[in-house]
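Report on the following structure.
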Protein chains: 2
Amino acid sequence: MTVTLADVAARAQVSPATVSRVLNGNYPVAASTRERVLKAVDELDYVLNGPASALAAATSDLVGILVNDIADPFFGIMASAIQSEIGGPGGRAGGERLAVVCNTGGSPERELTYLTLLQRQRAAAVVLTGGAVEDAQHKAAMDAKVRKLTDAGTRVVLCGRPQAPETGAIALTFDNRGGGQELTEHLIRLGHRRLGYIAGPEERTTTRHRLEGHRAALAAHGIEEDPRWTVHGRYDRRSGYEATLELLRRDPTLTAVVAANDSVALGACAALRESGLRIPEDVSVAGFDDLPFSVDAVPALTTVRLPLTEAGARAGRIAMGREEPPPGGITSVRGELMVRGSTAGPRA
Amino acid sequence: MTVTLADVAARAQVSPATVSRVLNGNYPVAASTRERVLKAVDELDYVLNGPASALAAATSDLVGILVNDIADPFFGIMASAIQSEIGGPGGRAGGERLAVVCNTGGSPERELTYLTLLQRQRAAAVVLTGGAVEDAQHKAAMDAKVRKLTDAGTRVVLCGRPQAPETGAIALTFDNRGGGQELTEHLIRLGHRRLGYIAGPEERTTTRHRLEGHRAALAAHGIEEDPRWTVHGRYDRRSGYEATLELLRRDPTLTAVVAANDSVALGACAALRESGLRIPEDVSVAGFDDLPFSVDAVPALTTVRLPLTEAGARAGRIAMGREEPPPGGITSVRGELMVRGSTAGPRA
DNA sequence: AACGTGACAGCAAGCGCTTTCTACGTGTCC
DNA sequence: GGACACGTAGAAAGCGCTTGCTGTCACGTT
């Protein structure tokens with residue numbers, strides 16, 4: 001039925017061992033023999049049996065990429081960059097690795113299960129993207145799992161996620177706190193004193209860090225924050241829309257709205273506009289991430305650009321062992337404030 | 001070193017066969033025995049060896065999803081929907097399948113190589129999304145590969161891709177031609193007679209079908225098309241920006257620009273605005289796909305909504321054998337015209 | 001002329017699991 | 001009370017590949 005190594009061997013008049021060595025190319029094989037084998041492979045249309053090969057060799061060429069939401073370009077861009085370095089077919093790398101992206105949907109259980117699945121497949125490496133969930137129990141479970149993976153020789157790289165010390169993972173984190181602070185400081189310098197903040201889901205590190213940066217900026221300028229100015233939601237446009245209406249209801253005198261990310265900011269803009277407010281004349285709006293569509297918003301969105309592509313590529317290279325991990329196994333990547341039309345001084 | 005089935009068996013005082021049966025749950029095992037085994041599994045922290053299991057059972061729980069560009073929400077949304085139905089951890093389905101998305105970057109070679117990799121892993125199913133490349137040679141190679149996969153028992157589903165007859169694949173195609181026609185007809189009804197068209201890459205089916213729909217609408221209304229009115233580019237914002245400037249250079253009297261998709265349309269809007277033209281007063285703009293950000297564009301984008309989530313979910317279910325394939329193995333999914341602020345009658 | 005030395009090729013032992021077939025009680029029925 | 005079925009567990013034969021080790025030549029060396 002299906003063609004096996006033995007079939008190829010028979011046709012090429014060599015032993016299975018030789019065929020295997022030709023295919024893996026890590027053992028001297030005479031040119032003439034190699035040719036004969038390759039010809040047989042071609043004629044028989046032979047396709048290696050991955051599982052069998054992985055079993056015998058005790059390694060696989062699978063590399064897992066975990067993302068929170070594959071429909072969100074934030075993750076898509078990182079995944080794309082990681083994958084381009086992982087190799088995969090046609091990638092920059094040599095070997096043919098199967099880079100697979102797994103969508104956790106932000107669910108802690110799924111995250112864990114995917115890790116187990118990857119462990120089960122004896123993945124060569126795993127890259128975890130995006131913020132982590134801040135639940136002590138889940139964090140412990142994750143750390144243990146990561147520890148197990150690294151112990152088993154799987155390289156684990158975190159991209160945009162805080163370090164899990166003692167787990168053997170390499171971390172490339174984003175300076176969300178610094179970015180958040182810089183962004184809010186920009187608004188304060190423009191003269192804003194009453195700033196609404198639309199945060200992401202409560203329990204995520206990314207959410208907390210960005211919010212902390214925002215608050216640090218307020219504190220640094222002696223602005224006392226009104227609890228009504230902060231609303232939590234999801235990282236999507238819809239959430240930004242609803243949260244903004246809520247914010248407006250709570251305090252119609254706000255002169256600026258800072259959003260957890262660009263999608264949320266877009267939703268905020270829509271809500272403001274529908275409420276008859278002009279941007280930035282009546283209310284300034286700021287986002288985070290600088291996704292491709294942000295520059296096309298009207299007015300263009302002031303935001304913090306995160307080097308997603310660069311960070312992803314680097315994470316990919318580290319995962320493949322083609323770049324030295326940062327000293328200490330952790331490094332923080334800074335964002336860059338992009339001042340655009342959606343922010344201006346408050347109405348007089 | 002690593003814990004194996006045999007270790008668990010020893011600890012639970014049963015045979016390896018019994019452990020396997022407990023884990024797979026398709027054979028009667030006494031409750032007390034099962035419990036003992038499960039306890040041992042837990043204590044030993046046993047993780048099944050995927051490759052070994054796949055080898056012995058001659059099947060795997062891998063499901064591949066091929067996308068052209070993972071950073072593009074168009075694909076992200078579909079992938080997300082497919083994955084939610086595939087199961088994956090926490091998905092609606094029961095079994096734990098590893099749904100993996102592979103990014104071809106639109107490259108024919110990569111597409112083929114990924115298919116081989118998936119074949120090598122003995123994937124349970126494969127879903128191909130997005131348009132196909134219209135190169136006779138590549139098409140033949142793809143068809144042959146798909147044929148081989150289906151012959152080997154891998155279910156292959158095409159989502160948003162024209163049917164490859166005789167390959168055994170199930171096809172869910174988008175009615176790009178009809179959508180394109182409807183969109184352009186809307187513009188014509190508004191009174192436009194000089195319409196620019198920014199197409200996608202030449203050799204893609206999606207590009208061709210949308211363009212054909214556009215031309216059909218023009219023809220149906222007796223409008224003779226000027227060859228200068230069509231520019232080809234990529235499916236991204238940058239391309240839309242550049243193509244629009246080119247279009248304006250070629251014929252500054254155009255009153256409408258139809259874009260290959262929403263990202264392109266956004267780029268077009270930016271270019272028009274920078275050229276001092278108002279939307280829709282001076283020039284109307286229309287997109288395709290209705291991605292989430294399109295409604296937030298200013299003015300909101302008139303476009304054709306494609307039911308990406310529904311189609312993806314359906315493709316996923318079919319791939320899992322949980323839904324009957326459409327009769328004849330192919331069905332066309334219609335888009336819905338969304339008329340919004342970016343289109344209006346031409347200036348008088 | 002005998003012998004070390006590479007360069008290749010083959011043998012065979014697994015890798016860790018699944019699954020068919022067989023074996024062994026019990027409970028049941030006539 | 002013996003035959004039979006039923007429910008459950010084990011033995012063992014692979015699944016298709018990799019790789020350590022063992023040949024076997026054809027040379028070059030002394």
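Worth knowing before you read on, the calculation uses all heavy atoms, side chains too, and leaves out hydrogens, waters and symmetry mates. A, B, ... follow the sequence lines: proteins, then strands. Residue 1 opens every chain.
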Do the side-chain N or O atoms of [X] get closer than 4.0 angstrom to the phosphate oxygens (OP1, OP2) of [N]?
{"X": "B:S20", "N": "C:dT19", "answer": "no"}
{"X": "A:N49", "N": "D:dC15", "answer": "no"}
{"X": "B:T18", "N": "D:dG10", "answer": "yes"}
{"X": "B:S15", "N": "D:dG10", "answer": "yes"}

Worksheet item: A:F75 and side-chain contact (heavy atoms from CB on, under 4.5 Å): which partner among A:I65, A:V67, A:L66, A:T104?
Response: A:V67

Fill in: 5′-ward residue of the pair B:L55/B:R36 relative to DNA chain D
B:R36

Which nucleotide, [options], lies nearest any side-chain atom of [X]?
{"X": "A:A57", "options": "D:dT8, D:dG16, D:dT19", "value": "D:dT19"}
{"X": "B:L5", "options": "C:dG14, D:dT8, C:dT18", "value": "C:dT18"}
{"X": "A:T4", "options": "D:dG10, D:dA9, D:dC17", "value": "D:dC17"}
{"X": "A:N26", "options": "C:dC15, C:dT18, D:dT19", "value": "D:dT19"}

Whole Å only: how far is the [atom1] atom of [X] from the [atom2] atom of [N]?
{"X": "B:N24", "N": "C:dT19", "atom1": "CG", "atom2": "P", "answer": "7 Å"}
{"X": "B:Q121", "N": "D:dC17", "atom1": "CD", "atom2": "P", "answer": "13 Å"}
{"X": "A:L23", "N": "D:dC17", "atom1": "CG", "atom2": "C1'", "answer": "11 Å"}
{"X": "B:R122", "N": "D:dG16", "atom1": "CZ", "atom2": "C1'", "answer": "9 Å"}

Fill in: Backbone N/O of B:I77 and side chain of B:T309: donor-acceptor pair under 3.5 Å
no

Discussion item. Side chains of A:Q119 and A:K145: any donor to acceptor distance under 3.5 Å?
Written reply: yes

Discussion item. Side chains of A:S15 and A:T18: any donor to acceptor distance under 3.5 Å?
Written reply: yes

Discussion item. B:R155 vs B:T150, test: side chain to side chain contact (heavy atoms under 4.5 Å, CB included). Steps then yes/no.
Written reply: CA-CA 6 Å; B:R155 217 175 313 234; B:T150 55; over 6 Å; no

Practice prompt. Check the pair B:L98 / A:Q121 against side chain to side chain contact (heavy atoms under 4.5 Å, CB included), numbers first and verdict last.
Written response: CA-CA 10 Å; B:L98 218 204; A:Q121 299 298 332; 4.0 Å; yes

Restricting to nitrogen or oxygen on both sides, can you table the protein-nucleotides 20-26 of chain D pairs closer than 3.5 Å?
{"from": "D:dG20", "atom 1": "O6", "to": "A:R21", "atom 2": "NH1", "distance (Å)": "3.2"}

Discussion item. Using side-chain heavy atoms (C-beta onward) and a distance below 4.5 Å, is A:Y46 in contact with A:L48?
Written reply: yes

